[in-house]
Amino acid sequence: MVAASFAEFAQQVLSGLASGGIYASLALALVIIHRSTGVINFAQGEMATLSAYIAWTLTFNHGWSYWPAVALTLVISFGGGVAIHRVIIRPVERGSVLRVVVVTIGLLVAINGFVLWRWGGEPQLLESPFGTGTVQFQGVILTRHEVGTILVALGTVGLLWLLFRFTKLGLAMRATAVNPDEARLVGVRVTWMLALGWGLAATLGAIAGLLTASSLLLDPNMMVAVLIYAFAAAVLGGIDSPVGAVVGGLLLGLILSMLSYLSQYQAFSWFNEELKLPAALLIILIVLLVKPSGLFGKPEVKRV
Amino acid sequence: MTPREKRIAGFVAFGALVVAVAVFPAFVSDFKAREWAYVGIYLIALLGLNMLTGYTGQISLGHGAFMAIGGYTTAILMAGNEQFGGPISGGMKDIYTLPLAGLVAGAVGLAFGLPALRLSGLYLALATFAVAVAMPSTARRFAEWTGGGQGIQLSGLPELTGGSVEDVDILGLSLSPNRWLYYLSWSIALVAYAVAWLVLRGRTGRAFRAVRDSETAAISSGVSLARYKTLAFGISAAFAGVAGGLFALGTASVSPDVFPITLSIFLLVGVVVGGLGGLSGLVFGAIVITFLPLWAQGQDLGSLLPQGIVEETQKPGGSSIVFGVVLILLMFVLPNGVSGLFRRAGQAIAKRRYARSE
């Protein structure tokens with residue numbers, strides 16, 4: 001009996017980590033853009049939805065097989081992210097933050113409308129690239145999709161870390177984030193670095209969108225809640241810290257799945273699915289009040 | 001213009017606005033009067049939000065939630081929530097609930113303002129956005145207070161003036177329900193406009209602007225950040241609460257769907273389009289957020305684009321595309337909103353007069 005409930009518990013932990021992996025990917029996208037441009041991209045979730053639909057239409061309507069379709073989707077997403085920065089964000093980048101916020105909100109509304117207009121509102125099925133079976137280990141049963149999600153999230157983070165840590169391009173991007181003026185002085189092409197950041201973020205978002213679409217269903221509004229969880233994850237980890245975004249995402253997935261798990265007991269019976277979003281909100285508020293810089297962020301110091 | 005001339009011009013403009021508001025319904029259909037009533041309601045909320053975002057520099061993406069609090073207060077005081085197992089029996093006449101809606105929302109705003117003191121800029125935007133997103137599911141969860149997903153129906157209640165179908169007799173005039181809503185919301189909007197102007201022109205308004213322009217300089221000059229930031233939150237939430245109460249009277253019901261997340265977004269858009277830190281542009285902001293979605297809905301994507309690009313027209317989603325694109329374009333062409341346009345026009349006139357006097 002005890003062993004069975006332990007397996008159940010471990011299962012809940014791992015599937016929490018799997019949804020956490022999705023939050024982590026999107027949170028990482030938000031963090032990359034915020035670090036370099038100081039902007040929070042409210043359209044990040046919708047961009048991810050659009051990417052997922054592109055992959056779906058490639059496989060479903062144009063007969064591509066899964067992996068080439070994904071590869072092409074990632075490339076298109078990257079290009080789209082760069083284009084969005086060059087065409088829409090750059091003209092309003094200088095001046096009030098609010099203008100950029102409203103522009104990204106406009107983008108959110110427009111992309112959401114486009115997806116609905118182009119592909120309709122009925123949910124579509126996008127199969128998981130990892131197959132449909134389950135993996136069993138010591139009585140813990142996981143779907144292959146959950147295992148794949150965790151691995152993809154970790155793999156992406158690893159690749160990004162390599163990019164930022166060991167390549168000249170990564171160094172230039174970091175320099176742009178830290179001090180754009182001085183970076184420009186030493187010959188970094190700052191605006192292209194920013195556009196590249198948007199491209200990377202769009203690619204990460206596409207990964208999050210694909211993973212979400214194959215764990216739920218493909219639906220025009222599927223990323224709305226995920227975006228909020230990604231916000232919560234980014235704030236939890238520190239909105240300027242890529243490592244923080246990943247840890248925050250996994251932690252958030254874990255917390256939410258633990259709350260669902262505990263709700264079978266008397267003391268937590270007040271918790272139900274309706275309260276998942278408010279719980280994420282509460283986490284945002286608590287973190288912002290107790291440690292606004294998040295778990296891994298550096299506190300902001302203002303000079304006068 | 002000298003400050004004195006400016007003030008006189010301001011009074012004249014306000015007087016003109018009052019007259020225009022009073023005679024306007026005579027020229028439009030009953031149905032249009034209802035749409036313009038919503039312009040008045042949005043104006044109240046925008047006046048409040050502008051005090052917080054435009055004058056004090058605190059971004060709020062969650063003002064729809066304060067409107068929801070006001071709306072639910074009005075609905076619960078009118079209809080009660082005993083039928084869901086709640087404690088309030090209701091029975092209050094609709095217009096008396098509006099001040100209370102403002103008070104309750106204002107109190108929540110003050111309470112939210114305290115933790116928000118530690119946040120600034122985008123962090124505050126995120127926190128308030130989270131509030132707006134979480135509001136519908138919270139309302140559904142506490143169904144014994146709010147009626148859950150079904151919400152609270154107000155139409156036909158004796159507490160709702162005219163029950164939203166009969167004509168309303170007031171001051172010897174007989175008004176259709178739509179015109180009654182129009183005059184009710186615009187009278188409150190004009191009072192709110194005057195209140196906002198009075199608050200902003202004096203000591204408090206100066207303190208707000210000092211906080212916005214430089215917190216450090218404000219503290220050094222003895223302006224208490226805690227006091228004025230929470231005050232701005234409280235006042236602006238109270239405005240939103242009154243607007244939310246009126247909104248509930250207009251829709252004759254409240255439910256989580258009456259106050260969606262898009263409402264909060266629209267309010268911020270209205271303030272930015274109207275122009276931060278100016279009152280005159282807000283009327284245009286309110287007009288934009290009332291009519292732009294309606295206009296976008298009526299647009300046919302096929303007819304806006306060159307022929308042959310889209311084959312099937314009139315599909316769902318097209319209106320959102322138009323709305324989003326127009327929003328982005330507005331930010332491109334009006335960097336400082338309509339108020340900024342007014343200011344630039346005023347400067348141009350002053351420049352020409354100066355050139356002539358030489």
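Letters A, B, ... mirror the listed sequences (proteins, then strands); counts begin at 1. Worth knowing before you read on, the calculation uses all heavy atoms, side chains too, and leaves out hydrogens, waters and symmetry mates.
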Note to self: So, using side chain to side chain contact (heavy atoms under 4.5 Å, CB included) as the criterion, who are the partners of A:L107 when residues are at least two apart?
What the structure shows: A:A43, A:I84, A:I88, A:I111, B:I328
Margin query: Taking side chain as everything from C-beta outward and backbone as N, CA, C, O, which of these in B:T262 sits under 4.5 Å from a heavy atom of chain A? Side chain, backbone, both or neither.
Written below: neither
Item checked: Proximity breakdown for B:V131 and chain A, heavy-atom pairs closer than 4.5 Å -> both
Working to the nearest 0.5 angstrom, can you tell me the gap between [X] [atom1] and [Y] [atom2]?
X	Y	atom1	atom2	answer
A:I40	B:F129	CD1	CZ	10.5 Å
B:L61	A:I105	CG	CD1	5.0 Å
A:L98	B:I59	CG	CD1	4.0 Å

Check: Can you tell me if CZ on A:F296 sees more than 12 non-hydrogen neighbours from other groups inside 6.0 Å?
Finding: yes
Note to self: Does B:Y228 have more than 12 heavy atoms from other residues, nucleotides or ligands lying within 6.0 Å of its OH?
What the structure shows: yes
Give the minimum heavy-atom separation between [X] and [Y], together with the two atoms involved.
X	Y	value
B:F332	A:V87	CZ-O, 4.0 Å
A:G113	B:S320	CA-CB, 3.5 Å
A:V92	B:M331	CG1-O, 4.3 Å

Next item on the list: Using the side-chain contact (heavy atoms from CB on, under 4.5 Å) rule, take B:I265 and A:F42 through it: C-alpha gap first, then chi angles, then the decisive distance, then the call.
Entry: CA-CA 11 Å; B:I265 292 177; A:F42 283 89; over 6 Å; no
Note to self: Is any side-chain heavy atom of B:V325 closer than 4.5 Å to one of A:V109?
What the structure shows: no
Check: Listed by residue number, which members of residues 227-252 of chain A have a heavy atom under 4.5 Å from any heavy atom of chain B?
Finding: A:I228, A:F231, A:V235, A:I239
Next item on the list: Below 4.5 Å from any heavy atom of chain B, which atoms of A:V39 appear? Answer side chain, backbone, both or neither.
Entry: backbone
